[in-house]
Amino acid sequence: MRVVQKFGGSSVADAASIRRVARRIVDTQAAGAGVVVVVSAMGDTTDDLLDLAKQVSPNPPPRELDMLLTAGERMSAALLAMAINDLGAKARSFTGSQAGVITTSAHGDARIIDITPGRIESALNKGDIVIVAGFQGVSQDTKDVTTLGRGASDTTAVALASALGADLCEIYTDVDGVFTADPRIVPAARQIPEISTDEMLELAANGAKILHLRCVEYARRENVPVRVRSSFSDKPGTLVKVTTNEEGPSMEAALITGVAHDRSEAKITVAGVPDKIGEAARIFGVIAEADINIDMIVQNVSVADATTAISFTLPQDDVPKALAALEAAREEIGFADVTADETVGKVAIVGVGMRTNPGVTAKFFEALAKAGVNIQMISTSEIRLSVVVDADDVDKAVRATHTAFGLDSDTDAVVYGGTGR
Ligand code: ADP
Ligand code: ASP
Ligand code: MG
């Protein structure tokens, strides 16, 4: 039996937490498992390091930023190994590079290309507990240290679980599993015992940061069973089951499985776009060339002067790049004006039950209307419906929707730690 256990930042926030987590790891090994641990930086270390970098330089070189950020995970890995050795078990820590996590060279957003876990295998064979610094790797081309994107220690864990043929990948965090909504916003959220990877993908893609999106994609592709649970309790947590939505609802036929929200997006509006063939292609060609991923798009109907407005959402961090690229192409495309709005948020409902229930859309919009929330944009997929609303309306939109779909529980969800940052 082999298991990969990942501990998030709030589970290793201070010395006492590191010792508590060490105990759990040693107990797992004592029960007969080969244990590989992936660890995140302590508490809000990554955010603190980012703040520090910004104080030193407004625009730090991405390579140096990655050198800085990877230090956070390296610290907690070494400290955890020390705590485990103190309990009489043997542990060795490795950086992502030492663990064989080979990536692309895109600093801050590198993708795992390959895992060559030779050193991990030999440490496991010696009976050692292996600790791997999460969220990082080494570029195949440049040999520089890379990071995999915010929250990506989850992805390190699943990728290692797959490469090592582990029986299970456990993601330990500060709540009792995956809930029907973020328990920090909806105290009445319910814990979900079992969820399909398809639904989990939609929740993660729409902002539920309980699991990193690419970790769920990886788990589905490589067939890795993932269990999300709390490092502060012994509750069994949530099993993310590799099933497709073809197989139908994973639990009793709830209309929807969960509500997700996202505050990291912005909206750009290109106004005065000539209403003729090829304009949208030109606008989104410029955005694609700037390497920006967009999410929702709306185009207004043509007005009297035969122009339209096109709005789309994108990650807030990409706004300056998108504005610059569009401004540069303004004359060629021939639009009048481009503006950005960062005070938007996204709210999404997810569930396989949605496919066979035509009333879901109306119920969602009714709940938003009753809560006094204006919808700016709408987008749908087979098992997801999402809207863009004013950033200030996100919390009440999530709560109203959760209640409207009958998801409220009688008891309050427990949030054990973390700052929610
Ligand atoms: P970690 O440091 O362990 O990686 P994260 O902060 O990345 O933890 O993720 C855990 C947090 O995700 C929870 O504290 C909770 O606020 C948030 N969250 C958002 N959506 C959900 C959801 N549907 N279920 C559970 N937690 C959620
Ligand atoms: N420490 C990194 C972050 O805060 C990676 C992670 O926690 O998964 O984004
Ligand atoms: Mg996380």
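Keep in mind that the numbers below use all heavy atoms, side chains included, and drop hydrogens, waters and symmetry copies. The chain is numbered in sequence order, starting from 1. When a ligand or atom number is given, it counts from 1 through the structure's own listing order.
Using a 4.0 Å cut-off between heavy atoms, Lys6 contacts ligand 1 through its side chain alone, with no backbone atom that close. Residue contacts with ligand 1, taken as heavy atom pairs separated by less than 4.0 Å, involve Lys209 via backbone and side-chain atoms alike. The proximity of Ser153 to ligand 2, defined as any non-hydrogen pair under 4.0 Å, involves the side chain as well as the backbone.
A cation-pi contact, defined as under 6.0 Å to the ring centre and within 45° of the axis, is absent between Arg24 and Phe7.
Counting the atoms of ligand 1 from 1 in the order shown, those under 4.0 Å from a heavy atom of Phe179 are 22 (C), 23 (N), 24 (N), 25 (C). In the vicinity of Ala208, heavy-atom distances shorter than 4.0 Å reach the ligand 1 atoms 20 (N). Atoms of ligand 2 found under 4.0 Å from any heavy atom of Ser40, numbered from 1 in the order shown, are 6 (C), 7 (O), 8 (O). In summary, the atoms of ligand 1 found under 4.0 Å from a heavy atom of Val178, numbered by their order in the structure, are 24 (N).
Of the protein's heavy atoms, Asp182 CA, 3.7 Å lies nearest to atom 21 (C) of ligand 1. Remark: minimum distance from atom 25 (C) of ligand 1 to any protein heavy atom is reached at Gly177 O, 3.4 Å. The single protein non-hydrogen atom nearest to atom 2 (O) of ligand 1 is Gly9 N, 3.2 Å, given as residue, atom name and distance. Nearest protein neighbour of atom 3 (O) of ligand 1, counting heavy atoms only, is Thr173 OG1, 2.7 Å.
Judged by distance alone, with hydrogens and angles left aside, the side-chain atoms of Asp66 form a donor-acceptor pair with the main-chain N or O of Thr147 at under 3.5 Å. Checking side-chain atoms of Arg63 against main-chain N and O of Asp144 turns up no donor-acceptor pair under 3.5 Å. For Ser122 (side chain) and Arg119 (main-chain N/O), a donor-acceptor pair under 3.5 Å exists by modelled atom type.
Heavy atoms of other residues, nucleotides or ligands lying less than 6.0 angstrom from CG of Asp141 number more than 12.
Residue contacts with ligand 1 do not include Gly151, since none of its heavy atoms lies under 4.0 Å from the ligand. Residue-ligand proximity: His212 is placed with every non-hydrogen atom at 4.0 Å or more from ligand 2. For Ser153, the heavy-atom gap to ligand 1 stays at 4.0 angstrom or more. The closest approach between Gly8 and ligand 2 stays at or above 4.0 Å for every heavy atom of the residue.
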Distance-only donor-acceptor hits, side chain of residues 153-170, under 3.5 Å, sequence neighbours excluded:
unit_1 : atom_1 : unit_2 : atom_2 : d
Ser153 : OG     : Ser40  : OG     : 3.2
Asp154 : OD1    : Lys6   : NZ     : 2.7
Asp154 : OD2    : His212 : N      : 3.0
Thr155 : OG1    : His212 : ND1    : 2.6
Thr155 : OG1    : Cys215 : N      : 3.0
Thr156 : OG1    : Phe135 : N      : 2.9
Thr156 : OG1    : Ala152 : O      : 3.4
Ser162 : OG     : Glu222 : OE1    : 3.4
Asp167 : OD2    : Arg2   : N      : 2.8
Glu170 : OE1    : Gln5   : NE2    : 2.9
Glu170 : OE1    : Tyr172 : OH     : 3.0
Glu170 : OE2    : Tyr172 : OH     : 3.4
Glu170 : OE2    : Arg229 : NH1    : 2.9

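When only interatomic distances are considered, the shortest N/O to N/O separation between Gly151 and ligand 2 falls below 3.5 Å. In terms of N/O distances under 3.5 Å, ligand 1 is approached by Asp174.
Atom CD1 of residue Ile256 and atom CG of residue Leu385 lie 9.5 Å apart, to the nearest 0.5 angstrom. Taking CD of Gln136 as the start and OG1 of Thr146 as the end, the distance is 8.0 Å to the nearest 0.5 Å. Atoms CG and CG, from Asp182 and Leu203 in turn, are 11.0 Å apart once rounded to the nearest 0.5 Å.
Under the rule for a side-chain contact (heavy atoms from CB on, under 4.5 Å), the partners of Val415 that lie at least two apart in sequence or sit in another chain are Val175, Pro183, Arg184.
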Subject >> Steps toward salt bridge (charged side-chain N to carboxylate O under 4.0 Å, His left out) verdict (Lys54, Asp51) >> reply: CA-CA 5 Å; Lys54 289 271 148 67; Asp51 289 349; over 6 Å; no

Subject >> Trace of the salt bridge (charged side-chain N to carboxylate O under 4.0 Å, His left out) decision for Arg111 with Asp109 >> reply: CA-CA 7 Å; Arg111 307 287 149 128; Asp109 191 29; 3.2 Å; yes

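Comparing heavy-atom distances from atom 26 (N) of ligand 1 across Pro183, Ala181, Ser230 singles out Pro183 as nearest. Within the set Glu73, Arg150, Gln136, the minimum heavy-atom distance to atom 9 (O) of ligand 2 is found for Arg150.
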